[in-house]
Student: 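Below is a structure I'd like to ask you about.
The chains referred to below are lettered A, B, ... by the order of the sequence lines, with proteins before strands, and numbering in each begins at 1. The structure presented is a predicted model; accordingly, all values stated were derived computationally and were not measured.
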2 protein chains.
Amino acid sequence: MSNCSTAGPLDSLRQDDYELLARLAQRYYIDEQTQDQVAREFGLSRQKAQRLLKRARQAGVVAIHIEAPSWLRLDLESELRETFGLEEAVVAVAQANADADREAVAQRAARYLERQLRDGSVVAVGHGRTASAVARFFRPVDRLAVTFVSAMGGSPGADAPTNPNEVCRALAQGCGGRAESLYAPAYVEDAGVRSQLLAQAAVRSTLDMAAGADLALVGIGGVDDDCTMVRSGCLSREEVTWLGTQGAVGDVLGHYVDLDGRPLASPHHQRLVALPVEHLRRVKKVVAVASEPEKPAAVLGILRSGVVDVLVVDETNARAVLQAAARPRAGTATGRAPAGPMVPATRYQPSPAAKAATLSRAGRDAPGPHRR
Amino acid sequence: MSNCSTAGPLDSLRQDDYELLARLAQRYYIDEQTQDQVAREFGLSRQKAQRLLKRARQAGVVAIHIEAPSWLRLDLESELRETFGLEEAVVAVAQANADADREAVAQRAARYLERQLRDGSVVAVGHGRTASAVARFFRPVDRLAVTFVSAMGGSPGADAPTNPNEVCRALAQGCGGRAESLYAPAYVEDAGVRSQLLAQAAVRSTLDMAAGADLALVGIGGVDDDCTMVRSGCLSREEVTWLGTQGAVGDVLGHYVDLDGRPLASPHHQRLVALPVEHLRRVKKVVAVASEPEKPAAVLGILRSGVVDVLVVDETNARAVLQAAARPRAGTATGRAPAGPMVPATRYQPSPAAKAATLSRAGRDAPGPHRR
DNA sequence: ACCACGCATGAGCAATTGCTCAACGGCCGG
DNA sequence: CCGGCCGTTGAGCAATTGCTCATGCGTGGT
């Protein structure tokens, strides 16, 4: 894979100009003279030489090419960064199957974490199969005094290793750091229980610590029947399906968003025990991992919500997300209710216990991919 | 024609290092982030990022390519610059025939002069067909108050337009500047006449002015039967032939040198009325033009003498000179008398009048291509 | 012919970059 | 096991670079 700087109108230059530009560029870029020196040589002022050199680059007389290894997708990564205002995007080259894709993504994410973490770092951790896989690959060369904090409650059901607490433990084990568990379920019966729980010192202190994290590692969840929320037993298949009918496309730490990145105030949200989005936003580097084959919509929505700073994703999803993002999206800043999947709240009896009325979807913070 | 920065050992890097280098380079060179930003992003110190970027360039991960027009020979020019320590080298692409070559060289030289000259500049001027052709192409966009000074005497014979005085006049006309003629023949009868002539205010003042020039435009002369010295009647065919047998390969302003660039103290030198080489060396930019097909040896010798700062030459000569220079040359700094064409002084009755004994070739300034 | 607009120009300054240097740490030999 | 050596690191500084601004020149429109 390779990448070039933008090539411009190479022909709109007269011969003489072209010659000057090329010669100037040769002296500056290849022979590594200073701008002052080349200017002197060509009988120009330094500023003029600088302007000409800039023009040479714009015009494509100077082409800078990165001889990247074939397994890097620097162009996709740049496109993701630019499209969604990300700080960093890492694309894992497509593998033979979904499992291999996940492993590849996890590996790249692990490498990224290893580079970022320092002694004393605090990492807020979410759940998910990919996040869990990250922990398996996370093996820094030397021990790191890093604290991993659960940023979401656990689940009673099966599929234990994808639990935030478990992921934390595995990550801490990988580097000789500390794991701070959140002793609470991801979803409780109702808002009342939730606020009681949040009042507990043990819960509150963990969430506070997560809120002060330097970095967050979260998985992007989907709304399909096989998503982590369902697999882990946090939500029932029906609940997730219903969320989908409400326009939800995916979540981060249980915070569901629609395709335009707007948070979805579903009744479930009242029952969620996790780091609030506003707190998550305050974390300097929110690293999201995503790799399942049916994730493009989830990733797109989450990226548009602007919570994510760093995305680690497989090549297939990356391409799909960029393609989807290129299509003009339904009304966002305009305030119009989007068409298509965004149906108004319908009759759904929330869940065995949650009785809170279906909330209107008005009055939320503006989405937009950029935030700081 | 194109040119790349040195490609290094691209394979001696591990995958991870390679990835880091490529990604760093992408962010810095393509996305135009500052080193500080990319360092921050990758969790490195600025210095480390800088070192890695440098390594990326050395290793060839970053390739800078100049998209030069096909009629530029930047690679040859760089090679000439480096081989002979030139400040600048301009190679005119090969044309259909020798005349066209000369025109091309003259045109490039004229463009170079136009770029270099400023109001108030003083230019010392030599003779020759190419120099004369330069004058024909010399047409700056706006008038320039430049003084062109003859740096060598004239010739009584035919081929008037190649005379320094004529070249000066033509150049001055080209830009609306002033021409300062040297009212003396290039070669006089004997050393006595020469010193008398040099004592004349008119001659001395012109040569003084030439000595103080900001730039010099000189032709590189050969030692063949058709060289300018012969054509213009300055020297007889026999005299030039004899100079050749003495090891002379070419001249600048009548100062002949051998293939190693050492000045040749021939009897003719005693009779020459021209700016002395030591003075010529003091001129900041000595621009030499050369274009005849039989010039490689002359150009090589002159370049090795180190008088020239800027060379404008045709492609054929450029290649021939570089090829010849690549071959190990006969003893130079070693002091041994070079083999081959360098025969010891032989019986030659200098000329109708010059009676000075053939001089030994000992005790000259060190040659070497570099000087300042 | 005059004026207004706009682009090019070079001065000066702030940011970025490259380099030097002392300190650190790991590695090898004693 | 200890000491010296080499490679690596980041601090600090000097050089280089990029940018902003006031000025001037040319161009085109009254």
Student: Between A:Arg81 and A:Ser78, is any side-chain donor less than 3.5 angstrom from a side-chain acceptor?
Tutor: yes

Student: Between A:Glu278 and A:Arg281, does at least one N-O distance fall below 4.0 Å, as a salt bridge requires?
Tutor: no

Student: Angle, rounded to 10°, between the helical axes spanning five pairs at each terminus of the helix from C:dA1-D:dT30 to C:dG30-D:dC1?
Tutor: 30°

Student: For A:Leu144, does its backbone N or O pair with a side-chain atom of A:Arg118 as donor and acceptor, under 3.5 Å?
Tutor: no

Student: Return the 5'-most residue of the pair A:Gln50, B:Arg46 with respect to DNA chain D, ranking by each residue's nearest nucleotide.
Tutor: B:Arg46

Student: Are any of the side-chain nitrogens in B:Glu103 or B:Arg136 under 4.0 Å away from the carboxylate oxygens of its partner?
Tutor: yes

Student: Of the non-hydrogen atoms in A:Asp309 and A:Val286, which two are nearest, and what is the gap between them?
Tutor: OD2-N, 2.7 Å

Student: Looking at B:Glu79 and B:Arg73, is any side-chain nitrogen of the basic one under 4.0 Å from a carboxylate oxygen of the acidic one?
Tutor: no

Student: Round to the nearest Å and state the distance from A:Leu52 atom CG to C:dG10 atom C1'.
Tutor: 14 Å

Student: Should the pair A:Glu87-A:Lys284 be classified as a salt bridge under the 4.0 Å nitrogen-to-oxygen rule?
Tutor: no

Student: With no hydrogens and no angle check, is any side-chain donor or acceptor of B:Asp214 less than 3.5 Å from a backbone partner on B:Val122?
Tutor: yes

Student: In residues 31-42 of chain A, which ones come under 4.0 Å of DNA chain C, going by heavy atoms?
Tutor: none

Student: Report the distance from atom NZ of B:Lys48 to atom P of C:dG25, rounded to the nearest whole Å.
Tutor: 15 Å

Student: Any side-chain to backbone donor/acceptor pair from A:Glu88 onto A:Leu311? Under 3.5 Å, distance only.
Tutor: no

Student: Using OP1 and OP2 only, check whether a side-chain N or O of A:Ser45 sits under 4.0 Å from C:dG10.
Tutor: yes

Student: Output yes when A:Glu32 and A:Arg27 qualify as a salt bridge under the 4.0 Å nitrogen-oxygen rule, no when they do not.
Tutor: no

Student: Can you give me the first and the last nucleotide of DNA chain D (5' to 3') that has an atom within less than 4.0 angstrom of a non-hydrogen atom in chain A?
Tutor: D:dT16 to D:dC19

